[in-house]
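Convention: sequence-line order gives letters A, B, ...; per-chain numbering from 1. All values below come from the heavy atoms of this structure, side chains included, with hydrogens, waters and symmetry mates left out.
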Amino acid sequence: MARDNTGGRTLASRFLGYSVLIFFALVFLYPFVIQIGNSFKTEPDAAANPLSPIPDPISTGGYERVFIDTDLPLWLGNSLVITIVVTLGRLLLDSMAGYALARLRFRGRAGLFSAILAIMAVPGVVLFIPKFLVLNQVGIYNSYTALILPVIVDAAGVFIMKQFFESIPVSVEEAARIDGAGVFRTFWSVVLPMARPALITLTIISFQGTWNEFPHSLVAVQNPALFTLPRGLADLVSGSLGVGTQYPLKLGAALLATIPVAVIFVIFQRYFVRGANEGSDKG
Amino acid sequence: MAVAASRRGISSRARENLAGWLFVAPVVVILSVFMLLPILMALWVSMTDWNGQGSPFKASVPFVGAENYTRLFTEDGLTRQDFMTSLRNNVYYVIIVVPCQTLLALGLAMIVNNRLLRGKSFFRAAFFFPSVTSSVAISVVFLFVFANSGAVNSLLSVFGIDGPQWFSDSRGTLHLLLSGLGLVDVDAPPAALLATGPFGLSWWDWLSGPSVAMTTIIMLVVWTTSGTFMLMFLAALQDIPVTLEEAAKLDGAGNRGVFRYVTLPMLKPTLFLVLTLGLISTWQVFDQIYVMSQGNPAKTTLTPAFLSYQTAFRSFEYGSGTAISFVLFAIIVVLTLIQRWVMRDRKV
């Protein structure tokens with residue numbers, strides 16, 4: 001009798017648990033379903049049945065117009081180039097600095113590490129105008145350099161790599177050193193190959209961060225030929241389109257901006273999870 | 001021999017010293033030029049009336065001292081009024097977003113962590129996914145979802161509710177609540193509250209609550225940030241030894257007791273971390289404002305971050321805009337220090 005009672009209670013709490021989970025899964029995912037559905041609708045259909053995920057009739061007009069009437073292909077190309085260059089740069093430079101901070105004994109190491117921690121704590125939003133000032137003063141405002149160079153290293157990435165290098169045993173490196181390998185050679189052919197998991201995490205974080213980056217492009221460039229996807233998208237929404245709400249077009253463009261990160265998310269989910277929790281360690 | 005060994009020792013140490021600095025050199029140079037130097041330059045600009053033409057370091061740029069700062073607090077005028085309005089908006093935004101995202105994240109983590117349920121990894125991914133998408137792209141989706149003839153209003157109409165015109169509704173929700181309770185009349189607010197108030201805003205304006213338009217941005221941000229914080233809580237929950245909870249149950253604690261006396265104390269460090277990160281990031285809200293409202297309607301979604309951008313890049317008052325961003329910096333630093341202090345107090 002007692003057992004029945006607890007069994008019933010477990011069943012009830014399980015039912016309740018699933019209901020809550022499914023409710024929130026709908027809350028968190030249905031906007032994306034709406035986005036996909038409506039991007040394939042005609043404009044009157046999207047205005048009349050915004051809640052329905054099924055387009056009637058199906059129309060690819062929004063997407064055609066995205067590619068014909070907007071500069072989306074250009075933004076896509078810019079975003080791709082910038083994301084790849086920045087990610088490669090961060091992989092090399094962050095891991096070099098992280099390695100030096102973890103392993104090499106050089107004067108001023110402790111002070112430098114504190115400085116990097118301090119820089120990580122500077123709120124990014126405070127740097128909008130300062131960044132513009134320096135880009136303007138140095139004479140690289142409105143260029144690919146302005147979009148790439150200031151973000152090609154990041155303090156958080158250095159921190160992640162340092163933490164990782166401290167966690168692996170030092171014996172392998174010592175063996176390489178005794179065999180006569182120099183510092184850079186040891187780093188390049190012994191240490192980096194061991195750092196694969198941390199490098200993948202860094203790649204994911206950096207790809208996602210750079211692909212989605214908006215305010216930096218806002219203060220670094222003005223020339224529409226240099227717009228990245230988020231910048232172009234923001235421009236599109238703030239009315240460069242002219243007449244009508246044109247939601248199917250906007251939703252389609254936003255979807256195209258989301259797809260690359262979504263694909264990577266599905267494939268590398270556990271690295272995203274690790275990245276989020278590594279972010280929590282630095283706090 | 002001893003001399004030779006020590007000389008070799010010195011040279012290898014010197015080599016390591018050099019290698020160390022070479023390895024960190026790119027990071028040091030770039031962070032100095034694009035983080036440290038800009039802050040110093042901006043400190044100077046915040047004390048000038050530079051209008052964006054030419055270099056801010058020319059002698060012809062008027063130096064105004066602390067005026068850009070004092071104008072934000074002491075001088076009666078549009079600058080102070082806008083700044084105080086943005087502070088008010090951001091304060092309401094923070095005190096709603098931070099508790100909501102923390103509670104939602106904790107709740108979701110507890111349910112996902114439930115050992116009896118299956119499909120954990122799917123639900124975890126579903127809740128986390130919005131956090132990894134582009135803030136601009138997701139703002140576009142929410143513009144559609146909350147449009148006048150959008151998904152939310154058509155959902156509300158199913159229940160017979162006439163939804164508001166979300167993005168053009170500047171009415172304060174606290175005002176609406178008070179008038180809903182019959183305490184005040186929105187069209188004829190109490191004269192006592194209208195007549196006076198600190199820093200150039202009337203008490204009535206200070207007590208507006210977030211506007212209806214702002215609530216859409218609040219909902220968007222809670223929705224996108226909860227996933228990340230849920231992961232942090234989840235990691236902490238999985239670190240709690242099962243034996244601890246079982247021991248508590250053997251001692252006769254109910255589910256609520258276990259949560260109150262075992263789970264919650266173990267989660268305290270994560271809870272403080274989430275609150276700190278939440279507090280820091282909510283004072284920096286920018287992307288969503290830029291895409292969804294640009295500070296409108298009636299300046300009720302204006303925040304210090306957006307105001308500083310607007311003042312510098314739209315009105316070309318770089319000095320004033322920079323001063324606003326430094327005040328914002330100070331606010332964030334002070335709040336972080338307070339929270340650190342509270343944390344340290346709890347730990348001892």
By a 4.5 Å heavy-atom criterion (distance strictly below it), what part of [X] contacts chain A: side chain, backbone, both, or neither?
| X | result |
| --- | --- |
| B:Val333 | neither |
| B:Thr133 | both |
| B:Leu104 | side chain |
| B:Arg118 | both |
| B:Phe229 | neither |
| B:Tyr290 | side chain |
| B:Leu40 | neither |
| B:Ile332 | side chain |

Go through the atoms of [X] and report whether side chain, backbone, both or neither lie under 4.5 Å from a heavy atom of chain B.
| X | answer |
| --- | --- |
| A:Leu149 | both |
| A:Tyr99 | side chain |
| A:Arg103 | backbone |
| A:Asn38 | side chain |
| A:Val266 | neither |

Locate the shortest heavy-atom distance separating B:Met35 from A:Leu127; write the atom from each residue and the value.
->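 It is SD-CD1, 3.6 Å.
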Closest approach of B:Val27 to A:Leu93 (non-hydrogen atoms, all atoms of both residues) =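 Scanning both residues completely, I find the closest heavy atoms to be CG2-O, 3.7 Å.
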Any idea which of [options] has the most non-hydrogen atom pairs under 4.5 angstrom with chain A?
| options | answer |
| --- | --- |
| B:Leu108, B:Thr270, B:Val145 | B:Leu108 |
| B:Thr228, B:Leu31, B:Asn114 | B:Leu31 |
| B:Gly119, B:Ala42, B:Ser131, B:Ser135 | B:Ala42 |

Name all residues meeting the salt bridge (Lys or Arg N to Asp or Glu O under 4.0 Å) criterion together with A:Asp154; count only those two or more places apart in sequence or in a different chain, and write none if there are none.
->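 Residues passing salt bridge (Lys or Arg N to Asp or Glu O under 4.0 Å) with A:Asp154: A:Arg90.
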Do [X] and [Y] come within less than 4.5 Å of each other through their side chains, counting heavy atoms only?
| X | Y | value |
| --- | --- | --- |
| A:Leu101 | B:Phe23 | no |
| B:Val45 | A:Ile129 | no |
| A:Pro50 | B:Phe144 | yes |
| A:Pro123 | B:Trp283 | no |
| B:Phe286 | A:Phe214 | yes |
| B:Phe123 | A:Ile22 | yes |
| A:Val134 | B:Met41 | yes |
| A:Leu218 | B:Tyr309 | yes |

Please lay out, stage by stage, how A:Phe106 and B:Val24 fare under the test side-chain contact (heavy atoms from CB on, under 4.5 Å).
-> CA-CA 10 Å; A:Phe106 60 95; B:Val24 295; 4.0 Å; yes
Can you say whether the rings of [X] and [Y] are parallel (under 30°), tilted (30 to 60°) or perpendicular (over 60°)?
| X | Y | result |
| --- | --- | --- |
| B:Phe128 | A:Phe265 | tilted |
| A:Phe132 | B:Phe313 | perpendicular |
| A:Phe28 | B:Phe127 | tilted |

Residues two or more places apart in sequence or in another chain: which of them pass side-chain contact (heavy atoms from CB on, under 4.5 Å) with A:Arg270?
->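 Partners of A:Arg270 by the side-chain contact (heavy atoms from CB on, under 4.5 Å) criterion, ordered by chain and then number, come out as A:Arg274.
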Can the ring centroids of A:Phe32 and B:Trp223 be said to lie less than 6.0 angstrom from one another?
->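 Yes, the ring centres sit under 6.0 Å apart.
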Kindly check if the number of other-residue, nucleotide or ligand heavy atoms within 6.0 Å of CH2 (B:Trp21) is above 12?
->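 Counting neighbours around CH2 of B:Trp21, more than 12 heavy atoms of other residues, nucleotides or ligands fall under 6.0 Å, so yes.
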